[in-house]
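Here is the structure we will look at, set down as structure tokens.
Everything quoted here is computed from the prediction, not taken from an experiment.
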Amino acid sequence: MSLSTPSMTAGNEALTGGFADPVFDAQSVFKMMMDAMARPGIVQTVTSDIAPPAPLGIAAGAIGLTLCDHDTPVWLSTGLAKSAMPAWLSFHTGTSVTPERIEARFAFVEAGMALSSFNQFAVGTQEYPDRSTTLVLEIAALEGGKELALSGPGIAGIRTIAPIGLPDTFLRIWNDNRALFPRGVDLVLTAERQFLCLPRTTKIIATEM
């Protein structure tokens, strides 16, 4: 007979599932993030065995554990905000969750959530374009979908990605975001253990089928 209650279970979930070796694992994920930002569209794979609260995937959880701290307010989409995710991030990183998208340094969005624009998040200023939100978007998969052609800094010629689960209006949203340069949101696409980065400087177009 179990004596646990839902609140006890959520509390236990918040206290477990972090990096086994916080320093080493965070350094490893940070290096992958830097490489992914420098080479847009290149898929990275997180090897750390963590267990973030559902519905967050391992790659998104590892990014949160690596980049979030007490100086980085985080915004969570509805499903994540209702899960053990706020307590999990707070316990392992010291970060605080904000209900205001524009205040967030990082935003985590569960798979399937509709997005109509990135402009509700912080896009920085002309003087301080780095004061923007990095959006971590969980999708179904990073391969196997309709092909998109990437070009821009960090890409020799054209690089192709084929994610599954992007919003139907993604290309319009991205073009609007890119038009704000040097301001704008940087995007990280995650799926289970994998992720890739799309800095605001990246040009994205649909390939001919």
Side-chain angles (χ1 to χ4, degrees), residues 14 26 29-30 32-34 36-37 40 44 46 50 52-125 128-140 142 163 165-192 194-202 204:
V29 175
F30 186 78
M32 284 191 284
M33 278 291 296
M34 293 300 97
M37 280 291 183
Q44 308 282 341
V46 174
I50 65 170
L56 198 71
I58 288 176
I63 291 168
L65 292 178
T66 300
L67 299 182
C68 296
D69 59 31
H70 63 279
D71 289 325
T72 55
V74 170
W75 180 86
L76 303 176
S77 60
T78 303
L80 296 177
K82 291 180 178 179
S83 72
M85 177 71 173
W88 187 78
L89 266 184
S90 178
F91 174 76
H92 290 286
T93 71
T95 193
S96 60
V97 175
T98 175
E100 302 298 332
R101 301 185 191 200
I102 200 166
E103 294 178 356
R105 292 298 304 274
F106 297 97
F108 292 83
V109 180
E110 73 224 56
M113 179 178 171
L115 286 173
S116 59
S117 171
F118 292 158
N119 291 344
Q120 294 170 318
F121 299 100
V123 296
T125 65
Y128 301 101
D130 58 317
R131 294 180 180 175
S132 61
T133 304
T134 296
L135 181 62
V136 182
L137 175 62
E138 184 90 9
I139 60 174
L142 298 184
L166 289 175
D168 292 338
T169 56
F170 174 74
L171 288 179
R172 176 190 61 77
I173 295 172
W174 186 256
N175 286 333
D176 290 345
N177 180 64
R178 188 168 174 270
L180 298 174
F181 185 82
R183 300 179 298 143
V185 167
D186 295 320
L187 180 63
V188 184
L189 299 180
T190 66
E192 295 300 330
Q194 295 185 316
F195 72 92
L196 61 81
C197 291
L198 298 173
R200 70 195 73 175
T201 54
T202 304
I204 307 174

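Screening residues 176-188 for salt bridge (charged side-chain N to carboxylate O under 4.0 Å, His left out), with sequence neighbours left out, gives Arg172-Asp176, Asp186-Arg200.
When each of Thr134, Leu135, Leu198, Leu196 is checked for a side-chain contact (heavy atoms from CB on, under 4.5 Å) with Val188, only Thr134 meets the rule. No option in Thr133, Ile173, Leu137 other than Leu137 meets the side-chain contact (heavy atoms from CB on, under 4.5 Å) test with Leu187.
Nearest heavy-atom pair across Leu115 and Thr169 is O-OG1, 3.7 Å. Residues Gly57 and Pro52 approach most closely at O-CG, 3.4 Å, considering heavy atoms. Leu76 and Ala81 get closest at one heavy-atom pair: CB-N, 3.9 Å. Closest approach of Pro86 and Leu80 over heavy atoms only: CD-O, 3.5 Å. Shortest non-hydrogen contact noted between Ser83 and Ala54 is CB-O, 3.3 Å. Here the shortest heavy-atom pairing between Leu65 and Leu89 reads N-CD2, 4.5 Å.
Atom OG of Ser132 is separated from atom CD1 of Ile102 by 11.5 Å, given to the nearest 0.5 angstrom. Taken from SG in Cys197 to CE in Met32, the straight-line distance is 10.5 Å, to the nearest 0.5 Å. Here the straight-line distance linking atom CG of Asp69 with atom OG1 of Thr66 works out to 11.5 Å at 0.5 Å rounding. Distance NE2/His92 to SG/Cys68: 12.5 Å, rounded to 0.5 Å. Annotation: the span from Gln44 atom CD to Met37 atom CE amounts to 11.0 Å, rounded to 0.5 Å. We find the OG1-CD distance between Thr190 and Glu110 to be 11.5 Å, quoted to the nearest 0.5 Å.
Between Asn119 and Leu180 the shortest side-chain heavy-atom distance falls below 4.5 Å. No side-chain heavy atom of Val123 sits less than 4.5 Å from a side-chain heavy atom of Phe118. Within the 4.5 Å cutoff, the side chain of Leu166 has heavy atoms near those of the Leu189 side chain. Taking 4.5 Å as the limit, every side-chain heavy atom of Thr72 sits out of range of all side-chain heavy atoms of Leu67.
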Quiz item: Given Met33 and Ile63, is the side chain to side chain contact (heavy atoms under 4.5 Å, CB included) satisfied, shown in steps?
Solution: CA-CA 8 Å; Met33 278 291 296; Ile63 291 168; 3.9 Å; yes
Practice problem: Applying side chain to side chain contact (heavy atoms under 4.5 Å, CB included), run through Val109 and Trp75 and close with a yes or a no. | Solution: CA-CA 9 Å; Val109 180; Trp75 180 86; 4.0 Å; yes
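Using cut-offs of 30° and 60° on the angle between ring planes, the pair Phe108 and Phe106 is tilted.
Annotation: Glu192, atom CD; neighbour count of heavy atoms from other residues, nucleotides and ligands within 6.0 Å does not exceed 12.
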